[in-house]
Amino acid sequence: MLESSDLRLTRISLNHGAGCMPALGFGTLIPDPALTITATRDALEAGFRHFDCAERYRNEREVGEALRAGLVAGGIAREEIFVTTKLWNTNHRPERVEPAFEASLNRLGVNYLDLYLIHTPFAFQPGDDQDPRDQNGNVLYDRGVTLLDTWRAMESLVDRGKCRAIGLSDISLNEVLPIYESARIKPAVVQVEAHPYLPETELLEFFREKGIVFLAFAPLGHGIRPGPLEDPVISAIAARVGKTSAQVLLAWAVQRGTALLTTPRTAARARENLNISALPEDAFEEINRIQTRQRFNEVVKTGSPGFIPQGS
Ligand SMILES: NC(=O)c1ccc[n+]([C@@H]2O[C@H](COP(=O)([O-])OP(=O)(O)OC[C@H]3O[C@@H](n4cnc5c(N)ncnc54)[C@H](OP(=O)(O)O)[C@@H]3O)[C@@H](O)[C@H]2O)c1
């Protein structure tokens with residue numbers, strides 16, 4: 001358990017001397033470009049200092065524009081924010097990694113990344129089409145490249161000082177293990193779905209033991225109702241501690257030692273999602289005892305993301 005009641009300032013150390021990651025991250029999976037810009041600006045203004053992007057979200061340009069304007073307006077230095085983006089499935093071939101990385105840097109308008117993740121362990125047919133499919137609508141996978149091949153190309157980005165840390169996303173323990181064992185530069189962060197209905201305790205314990213940061217997406221169950229936001233245990237605790245259900249879920253995630261990503265789209269929600277404080281221990285334990293199990297995002301099974309309009 002954390003000692004401080006001010007969870008907003010929690011920072012988690014990364015392995016390989018790669019600095020610290022603010023535990024509370026703002027996710028940029030926002031399909032509308034104008035909303036991407038306003039939500040990113042609002043998040044920065046509210047105090048978010050960790051921004052999670054992806055080439056697959058097709059809005060790195062808008063995120064970069066909002067960050068640049070926000071940094072200038074707020075007198076905030078680039079070094080004060082933590083920027084992540086992700087290599088998409090169609091760029092797993094080692095020779096495609098650096099060009100994809102450079103293209104992301106260029107769109108974001110930054111000259112280094114704090115963290116670069118392999119978005120999913122599934123390699124898709126290489127090319128410009130991010131969602132390659134056959135005539136029957138089945139995903140075209142690329143069997144000519146292994147995840148370790150891609151990992152080696154990621155390691156060389158760190159060697160050349162292009163990004164401070166590298167990691168994985170949407171991956172199971174069985175898939176992380178061989179990479180962890182063979183890696184020269186161990187994964188610093190792994191991003192997966194996690195909330196009280198999908199606590200991923202085994203993964204969390206393994207990461208804790210190996211010094212890998214567990215970065216939870218969908219800490220609010222992607223906002224899907226019914227879901228953790230409407231769980232009676234969460235609502236009762238929220239009423240008891242005078243917080244919203246969202247704040248209780250986010251506090252629980254930080255208190256169990258994970259970093260998290262949330263996507264508030266308005267300034268009020270951004271302030272709400274940052275304004276979390278430690279739950280009393282009995283409340284924390286009560287949440288750990290929730291028995292409902294539900295995964296909201298199937299990306300981990302196929303590499304095809306949920307929540308991104310098909311064909312875009
Ligand atoms: N690696 C991957 O494959 C992967 C997959 C998915 C997401 N991600 C990352 O994770 C980030 C987080 O996405 P997420 O879906 O997990 O975010 P989330 O914040 O857990 O869920 C977003 C949903 O929660 C609602 N919400 C946000 N704050 C709320 C609050 N205070 N009270 C009530 N509802 C609230 C939003 O509602 P409104 O729409 O009404 O604002 C939205 O519907 C993404 O932006 C992306 O960066 C990664």
Side-chain angles (χ1 to χ4, degrees), residues 21 23-32 35-36 38-40 42-43 46 48 50-60 62-63 66 82-89 104 108 115-122 130 167-172 187 189-198 200 213-231 234-235 238 243-254 258-276 294-309:
M21 165 192 266
L24 285 170
F26 172 77
T28 64
L29 176 44
I30 304 174
D32 181 79
L35 192 54
T36 299
T38 54
T40 306
D42 288 344
F48 278 93
H50 164 182
F51 296 84
D52 179 78
C53 315
E55 68 175 291
R56 185 66 182 98
Y57 302 163
R58 296 190 170 218
N59 61 1
E60 289 172 309
E62 286 79 9
V63 174
F82 187 100
V83 182
T84 302
T85 197
K86 312 187 195 84
L87 177 84
W88 183 237
N89 301 354
S104 280
L108 285 164
L115 175 66
Y116 197 41
L117 302 177
I118 300 181
H119 201 142
T120 87
F122 298 87
Q130 290 189 333
L168 299 154
S169 164
D170 295 320
I171 193 161
S172 65
V189 176
V190 176
Q191 183 180 132
V192 291
E193 176 179 343
H195 41 72
Y197 290 2
L198 189 68
E200 296 283 22
V213 175
F214 184 121
L215 175 55
F217 76 77
L220 308 178
H222 278 321
I224 292 168
R225 293 161 195 262
L229 276 170
E230 286 181 344
D231 186 278
I234 303 295
S235 311
K243 290 283 188 181
T244 65
S245 289
Q247 289 168 327
V248 169
L249 288 165
L250 300 177
W252 174 80
V254 178
T258 72
L260 63 86
L261 299 171
T262 170
T263 311
R265 292 160 195 247
T266 63
R269 278 261 169 96
R271 287 192 295 272
E272 175 186 341
N273 290 4
L274 263 183
N275 185 19
I276 60 170
Q294 191 173 356
R295 179 185 293 285
F296 293 99
N297 197 321
E298 295 298 311
V299 58
V300 70
K301 296 181 181 163
T302 62
S304 288
F307 309 96
I308 296 181

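Whatever order the structure lists them in is the order used to number ligands and atoms, beginning at 1. All residue numbers refer to positions in the sequence shown, counting from 1.
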Practice item. Test Ser104 against Glu60 for side-chain hydrogen bond (donor to acceptor under 3.5 Å, both in side chains), laying out the working first. Key: CA-CA 7 Å; Ser104 280; Glu60 289 172 309; 2.8 Å; yes
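- By the criterion of a heavy-atom distance under 4.0 Å, both the backbone and the side chain of His222 are placed next to ligand 1.
- For ligand 1, the atoms lying closer than 4.0 Å to a non-hydrogen atom of Asp170 are 1 (N), 2 (C), 3 (O).
- Between Leu29 and ligand 1, a contact under 3.5 Å exists for at least one N or O pair.
- Distances from atom 28 (N) of ligand 1 to the heavy atoms of Leu260, Leu35, Asn273, Leu117 put Asn273 nearest.
- For Thr120, no heavy-atom contact with ligand 1 is shorter than 4.0 Å.
- Note: no N/O pair closer than 3.5 Å links Lys86 and ligand 1 by distance alone.
- Within the 4.0 Å heavy-atom criterion, both parts of Thr262, backbone and side chain, lie near ligand 1.
- The Gln191 neighbourhood of ligand 1 comprises atoms 1 (N), 2 (C), 4 (C), 8 (N), 9 (C), 48 (C), with distances under 4.0 Å to a heavy atom of that residue.
- Tested against Leu215, the residues Thr84, Val192, Leu261, Val190 include a single side-chain contact (heavy atoms from CB on, under 4.5 Å) partner, Leu261.
- Every atom of ligand 1 is numbered from 1 in the order shown, and the set under 4.0 Å from a heavy atom of Arg225 is 33 (C).
- For the pair Val63 and Tyr57, the minimum side-chain heavy-atom distance is 4.5 Å or more.
- The closest side-chain heavy-atom distance from Leu117 to Leu168 is not below 4.5 Å.
- Note on ring orientation: taking the six-membered ring where Trp is involved, the planes of Tyr197 and Phe296 are parallel (angle under 30°, cut-offs 30° and 60°).
- Residues that satisfy the side chain to side chain contact (heavy atoms under 4.5 Å, CB included) test with Val213, not counting sequence neighbours, are Ile12, Leu14, Met21, Val189, Ala259.
- Closest non-hydrogen pair, Glu193 versus Asn297, comes out as OE1-N, 2.9 Å.
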Practice item. Please assess Arg271 against Asp42 for the test salt bridge (Lys or Arg N to Asp or Glu O under 4.0 Å), listing each intermediate value before the final yes or no. Key: CA-CA 9 Å; Arg271 287 192 295 272; Asp42 288 344; over 6 Å; no
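- Residues Ile276 and Leu24 come closest through the heavy atom pair CD1-CD2, 4.0 Å.
- The closest non-hydrogen atom to atom 34 (N) of ligand 1, taken over His119, His195, Arg56, Arg269, comes from Arg269.
- Using modelled atom types, one side-chain atom of Thr85 and one backbone atom of Ala54 make a donor-acceptor pair closer than 3.5 Å.
- Of all the heavy atoms of Ala218, the ones lying under 4.0 Å from any atom of ligand 1 are found in both the backbone and the side chain.
- Close contacts of ligand 1 with Ala246, meaning ligand atoms under 4.0 Å from a residue heavy atom, involve 30 (C), 31 (N), 32 (N).
- Remark: ligand 1 atoms within the under-4.0 Å shell around heavy atoms of Gly27 are 11 (C), 44 (C), 45 (O), 47 (O).
- Look at Tyr57 and you'll find a heavy atom under 4.0 Å from some atom of ligand 1.
- Using a 4.0 Å cut-off between heavy atoms, Ile30 makes no contact with ligand 1 at all.
- When all heavy atoms of Ile30 and Ala39 are compared, the closest pair comes out as CD1-CB, 3.7 Å.
- Listed by number with element, the atoms of ligand 1 under 4.0 Å from a non-hydrogen atom of Asp52 are 9 (C), 46 (C), 47 (O).
- By the 4.5 Å heavy-atom criterion applied to side chains, Pro219 and Leu249 are not counted as neighbours.
- The closest approach between a heavy atom of Glu230 and any atom of ligand 1 is not below 4.0 Å.
- Shown in contact with Pro219 at under 4.0 Å from a heavy atom are these atoms of ligand 1, numbered in order with element: 16 (O), 20 (O).
- Within the 4.0 Å heavy-atom criterion, neither part of Thr266 lies near ligand 1.
- Within the listing of ligand 1, atoms 21 (O), 23 (C), 24 (O) sit less than 4.0 angstrom from a heavy atom of Gly223.
- Checked against a 3.5 angstrom limit, the closest N/O atoms of Leu220 and ligand 1 fall inside it.
- Residues Asn273 and Phe26 are not in side-chain contact: their nearest non-hydrogen atoms beyond the backbone lie 4.5 Å or more apart.
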